[in-house]
Structures are given as C-alpha cells and as structure tokens.
Amino acid sequence: SLNKKGYHYRNWNTDDPTPHGETYAQLYKSIPFLIAIKNNEASGIFFDNHFESHFDMGKENSNYYYFGAKDGNLDYYFIYGPEVSKVVNEYTNLTGKTPLPQLWTLGYQQCRWSYAPEQRALEIAKTFREKNIPCDTIYLDIDYMDDFRVFTWDNKKFKNPKAFTDELKSMGFKVVTIIDPGVKVDKGYKIYDEGLKNGYFATDKDGMVYKNTVWPGDSVFPDFMNSQVRKWWGNNQKIMFNLGIAGIWNDMNEPASFNGPLPEDIVFNNDGTLVTHKEIHNVYGHMMDKATYEGIKEATNKRPFVVKRACYAGTQKYSTVWTGDNQSTWEHLRMSLPMLMNIGLSGMAFCGTDVGGFGFDCTGELLSRWMQVGTFTPLFRNHSTIGSREQEPWAFDEITEEINKKYIKLRYKFIPYLYDMMHKCEKTAPIIRPLLYNYQNDKKTYEINDEFMFGDNVLVSPVVEQGARQKLVYLPKGNSWIDYWIGEEFEGGQYIIKDAPLDICPIYIKTMSIISNGEDVNYIGEKDTECLNLSIYLCDKKGEGKYIAYNDDGESFDYKNGRFNEYEFIFDLNDNLNIKMNKNIGYENKYKSIEFTLHNFKNNKKVLFNENEVKLNNNKFKVNL
Ligand code: MIG
C-alpha cells in the first residue's frame, strides 16, 4: 500500500515464487528511499547502502521510524520538498532519470512462457493482424535457447532466427528475448569457455569458480562488478541484435538460484577491490542491466530497450522494470496499483506488471479489467506462465476479445500523450503517480490505492473487484474533471459512483488540459503521421492551460542534439477561447497540420488561434502549418 506506517521492510532482492501478499517484507527490488509527509510538507530520505537494509516505519515503536543496514556506510541524503514532486525530482537528480524510450516500446506487447517453436510465435503474430488487434512486440522466453545456454538458439525450434525475426519485422513486429545471468557449465560452450579463461565468474572465498543451479543445470555467475565483464556481456548483445532482436529481457538477476541462495561470502571483483555477495547482492541485477544497456547502445546506436526484474536505486537509468511473478488473482490486480505508484515515486517511470497475471489461470473478466489498467501503464505487456491457461486477447470468449481490443486500441490513441509525458519525465517526473503527487493539498488523496494519475492530465480509477459494475471514484480538489466516456464535467473534491460495466474503465481528464491522440494503427510506424491530433478539454468556467507536444525520430539519440520538434500550446478560456502556439523545429519530419477537437466547449464563444478567428465544424478545426 502507499502508506507504509506501521510496517517493516527488508531490502534484499528476492525471487520468491510463492504468491506475494502484504506479509512479504522483501521483493525483487530494493530501493532504500522513503518519502514522508507531515503537516502537508514532504521530505525524503535516500539511504545509499546496498547491503541488506531495513526500514521500520513505526512497527517497533509508533513514536519513531528507523533505518539501518547490516554493514557499509551510513550514507544518506535528506531531501526537503515541501512538494512530494520536488522530493522525487531531487531524488532522481541524484540517482538518475528514466530515459526517453523508443516509440515502439510503448505499444502493446505479447509474451508467454513460451512462444516456441517459431511456428507458434508466428501464429500468435498473424492472429493479431488477422483480428486487427494492435501489437508491436512478441517475446521469446527461455525455450528459444539451446538447453538454456545464454546467447544461443535452439535450432530445432528456431531453424533460422534471422529469417524468423525478418518475417515478424515484415508484419510490423519487434522481437524481445529473455536472458538470465547464469551461464551453463559446459566445456566447449563459447560463453562458458571465454568467461572461465578470463576469470569472469564469481568465486568462493578460496578463489574457486562458484557454481549453483539455475535453468541450464550447473551454472556460474558473471561478475558484473568487473568492468571487463560488463564490456564482454555488453559485446555479446551483438549476437542477438545481429539476428534482428530489438530488446532484451533480463530475468533472474537477484540473482535467483535453485540450490539455495548464493552464500554471503561469494567474491566479486569490483575493478581491483574484492567485494562479497553480502555487499553487492542488491546491485547485481543493476550492474547486469548497465552492461546490457551499454552493450545495446553501442551495438545499435538506438535507445536500448532492457526489461528487468531486480533493481536498486538508479536502475531507471537503464530504463524498464516489471514487477516480476504475480498471479492471475484479483488481489494481485489490486496490489499492482500501489506497487506501480510506489515504483513511480522511486523514480522508475517506465514500469508495468504482467497484465493478466503470470502464475495461476486468468479468467476473461480478470483479463479485461487488467487490460484496462495495462492501457495506462507505460510498459503494457501481457505475460503468463507455462502450463497456465492461455491469455492472449482472444483466448477467452468474444466479449473478452472485444473489450481487450477496445482497450489496446485506446492505448494506441494515448501513445502520443504518453510519449510527451515520457519526454517530460526524462527531466522530471514519473508517469504513474499516486493522486497525492499532483494534489498534495488535498489530504483525501493520501490513502487512495485504487486510482492513479497517468501523467499530468489523466486520472484512471480502474475496477479491481470481481463482479463489480460500479466504482467509487474520488476526484481530487484543485480542478474539475471530465468523464472520458460521457464528456460530462465534475467538480473536484468529491466522491462519485461511476457505472462501470465490464467494458468501461472510469477515466477522467483534467479540465483545461490537452491530450495528444494517436491514429488507429496495427503497430507504431505503420502510417506516417502528418497531422497532430489534439483534444482540448475545457471547463464551464474560466481557466487556462498549457501543453507541449513533442516528436522526434522515435529511436535514436539525435534528439539530444536538437533533432526534435516541440509545439507549445498556451490557451485560455474567458470571453473567447484563445489558443497560441509556439514552435521549436529541429527535426525534418514536421507535422503538416494540426486538428483540434474541443471537448466540453459551450456558449458559442469565439475561438482564436494565434490571434485569428477560426470556424468550428462539429467542435473541430484544422490549421495548416
Ligand atoms: O524461474 O523464464 O519472472 O517472467 O517467464 C522462472 C521463465 C523463470 C521468471 C520470470 C518469468 C519468466 C520465467 N522466469
């Protein structure tokens, strides 16, 4: 939950496959960062210590909180707000921002353990196109590998990986492959031999290479503390990218092991300083992610897409996190919301959960409700475990398929807005936020676990109860809100009961704001977008607003050198609606026109665009640029 008062947490990255509940004191990620609000003033403490650390928020004694670690330095940062948003911004100034991702990574992603052999993956991809359900990405889980040897392919299941990724590419799909840190002990296997020869694997205290069991059987663990090892691991990414792979999914990097946990005294070489597992456990995954990110960046010169499970403070620099193995239960859908909001407050803007739930069997109703949440999480990936009930959008009945399709399409409609927010958050903020992040003056928002903000302008209040067809929605105080589905305006600072049949997820747009809309496409990049399509949400009274629409090539780092366009809109509603635009053009693919759609526009006021009156047609108008 958002409010941690009375709880005690242990920071030790842990892969525990039993279904997590509120009794879990440790998870896959360890981020020793606490935000407190007292008398409406927020402050934060970041305890930069990656030994096992503990945060006790008044469990021992309600008169105090404490934090501490098993070893290491008492290095901590006290960050004063008084706004929560400022605390988060300062925390990410210290630990790093979430970089702008490639545009396609914001599309819908389909995963399962496992889409293998290749015919199965192709069949899934074709079904998306036949059914006209948008999808950008297909994942390959561990079964594409040759007996779980990392950086290899099982050529019986995938005869020609390059031809396979090419075929998917021609249909508009990207392929992302999983990888684990554990390297199979196997003389003659290139990765093992190279690592062994160069001393790239962690050892026991006597200097013997340490072995444990993971998927490949007896395995050894790359020493990601060593920059040579990171370089080597990074270079190996080329093996995958030369075969047309577009992103990497780093799993099991807590590190997880089947034959008991790694002992505390396993030795790693931090570029000349020997360190133990006890010290580096919580950054093992982080360093693997760094190696992966840097390797992909070098191999492709594009913004790397790395999805990962274990994290420490700052892992957001290497981009995307998912919450690990959840279950297809309503409880886990409910819990995913405060988990995502907490991840957001921890500076990780590009996050998501396994939509539909990983373990156990999903139902059509649960998948429909989970998709409605997934539509508004930056990483939108449906994933399920081996042997569980199939969970693709069409795997249940026609009604479920229709609802899934409706929401996946809705997601694509919101992608330009999401991309604008991701661009903004590269400098400042998370995407998924608790309401208190934007509405700190409204105390009623502090304990809301079942609603969230999707960027600055969208409030999502999903249904997370089986059978529920109505939702109690709290609209924060500070502005009014427009019901996305019926267009009606509601004052902030009130609870309302929203009818929410299975195909309705309650969504509210902040008045005096803009949403940038995407086209109806099967995948990102299918059509050239020449017209910027903006919805302006107005209010009954007077008001003003501002929005920046952003675009660039959607994949390279050139935007860092000015190759991007920004269209800034400043508008106010008074006797007239007055919209002004400023452009900052640095990217050759400019928009040729802008279409505005006015929502909640009343009283036949005049509309001025850059001082000139425009004619409305059905509350729309278009300007050529
Ligand atoms: O021991 O690769 O969290 O997403 O499907 C399980 C198989 C290993 C755990 C990941 C999950 C993935 C699974 N992996």
Side-chain angles (χ1 to χ4, degrees), residues 13-20 24 26-29 109-117 120-121 124 137-154 157-158 175-184 212-219 221 240 245 247-262 284-285 288-289 292 305-311 315 320-329 332 335-336 339-340 343 351-362 370 374 377 379-392:
N13 291 350
T14 303
D15 172 35
D16 182 343
T18 60
H20 57 263
Y24 264 45
Q26 65 209 46
L27 292 164
Y28 294 103
K29 301 170 180 56
Q109 312 193 346
Q110 187 63 50
C111 187
R112 175 149 171 103
W113 181 8
S114 285
Y115 290 136
R120 178 65 181 146
I124 294 289
T137 305
I138 301 282
Y139 280 71
L140 300 181
D141 206 321
I142 47 177
D143 299 297
Y144 76 87
M145 288 183 257
D146 174 17
D147 205 11
F148 308 120
R149 287 174 187 82
V150 294
F151 302 113
T152 70
W153 289 77
D154 178 337
K157 293 186 190 137
F158 293 82
V175 181
V176 173
T177 45
I178 198 170
I179 192 162
D180 297 345
V183 172
K184 188 177 175 68
N212 201 315
T213 314
V214 224
W215 288 108
D218 265 3
S219 305
F221 296 84
M240 307 311 290
I245 294 306
I248 294 291
W249 172 21
N250 280 343
D251 190 20
M252 305 288 275
N253 56 6
E254 290 70 36
S257 48
F258 299 160
N259 193 12
L262 271 67
Y284 185 78
M288 178 186 182
D289 299 330
T292 310
F305 182 57
V306 186
V307 185
K308 58 262 185 151
R309 199 167 75 172
C311 291
T315 311
T320 319
V321 302
W322 103 103
T323 53
D325 295 350
N326 56 7
Q327 308 274 316
S328 300
T329 63
H332 275 191
M335 287 171 72
S336 73
M339 285 173 93
L340 289 167
I343 287 177
C351 58
T353 67
D354 284 347
V355 169
F358 175 72
F360 198 52
D361 296 320
C362 197
W370 214 315
T377 45
L379 176 70
F380 185 13
R381 185 184 79 155
N382 177 334
H383 181 39
S384 54
T385 189
I386 197 163
S388 65
R389 184 168 183 183
E390 288 176 2
Q391 209 168 283
E392 293 79 23

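Please read these numbers as outputs of a predicted model, since none were measured by experiment. All ligand and atom numbering here is 1-based and tracks the order in the structure.
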Does Asn259 reach the main-chain N or O of Asn212 with its side chain, forming a donor-acceptor pair under 3.5 Å? no

By number and element, which atoms of ligand 1 are closer than 4.0 Å to a non-hydrogen atom of His383? 4 (O), 5 (O), 11 (C), 12 (C)

Partner set under ring pair (Phe, Tyr, Trp, His ring centres under 6.0 Å) for His332, not counting sequence neighbours: His20

Which of the numbered atoms in ligand 1 are under 4.0 angstrom from any heavy atom belonging to Asp251? 2 (O), 3 (O), 8 (C), 9 (C), 10 (C), 12 (C), 13 (C), 14 (N)

Any N or O of Trp215 that comes nearer than 3.5 Å to an N or O of ligand 1? yes

Numbered atoms and elements of ligand 1 in range of Ile178, under 4.0 angstrom, heavy atoms: 2 (O)

Decide salt bridge (Lys or Arg N to Asp or Glu O under 4.0 Å) for Arg381 and Asp354; before the verdict, give the C-alpha distance in whole Å, the side-chain angles of both, and the deciding distance to 0.1 Å. CA-CA 6 Å; Arg381 185 184 79 155; Asp354 284 347; 2.9 Å; yes

Going by distance alone, is a donor N or O of one side chain under 3.5 Å from an acceptor N or O of the other, for Asp146 and Thr152? no

I need the single residue from Asp16, Leu262, Leu27, Asp15 that forms a side-chain contact (heavy atoms from CB on, under 4.5 Å) with Glu254. Which is it? Asp15

Stepwise, does the side chain to side chain donor-acceptor pair (under 3.5 Å) test hold for Arg112 with Ser388? CA-CA 10 Å; Arg112 175 149 171 103; Ser388 65; 3.2 Å; yes

Considering the heavy atoms of Met252, write down every atom of ligand 1 situated less than 4.0 Å from one of them. 1 (O), 8 (C)

Among Trp215, Tyr139, Tyr144, find the residue that satisfies the ring-ring contact (aromatic ring centres under 6.0 Å, His included) test when tested with Trp113. Trp215

Between Asp15 and ligand 1, which residue portion shows a heavy-atom distance shorter than 4.0 Å: side chain, backbone, both, or neither? neither

Under 4.0 Å, heavy-atom basis, I'd like to know which part of Trp322 is in contact with ligand 1: side chain, backbone, both or neither. side chain

Protein contact to atom 3 (O) of ligand 1 [nearest heavy atom, distance to 0.1 Å]: Asp325 OD1, 2.4 Å

Which atoms of ligand 1 are found less than 4.0 Å from any heavy atom of Arg309? 3 (O), 9 (C), 10 (C)

Check this for me - ligand 1, Trp249, N or O atoms closer than 3.5 angstrom, yes or no? no

Looking at ligand 1, does any of its N/O atoms fall within less than 3.5 Å of an N/O of Asp141? yes

Within this structure, what is the OG1-CD distance for the pair Thr385 and Gln391, rounded to the nearest 0.5 Å? 10.0 Å

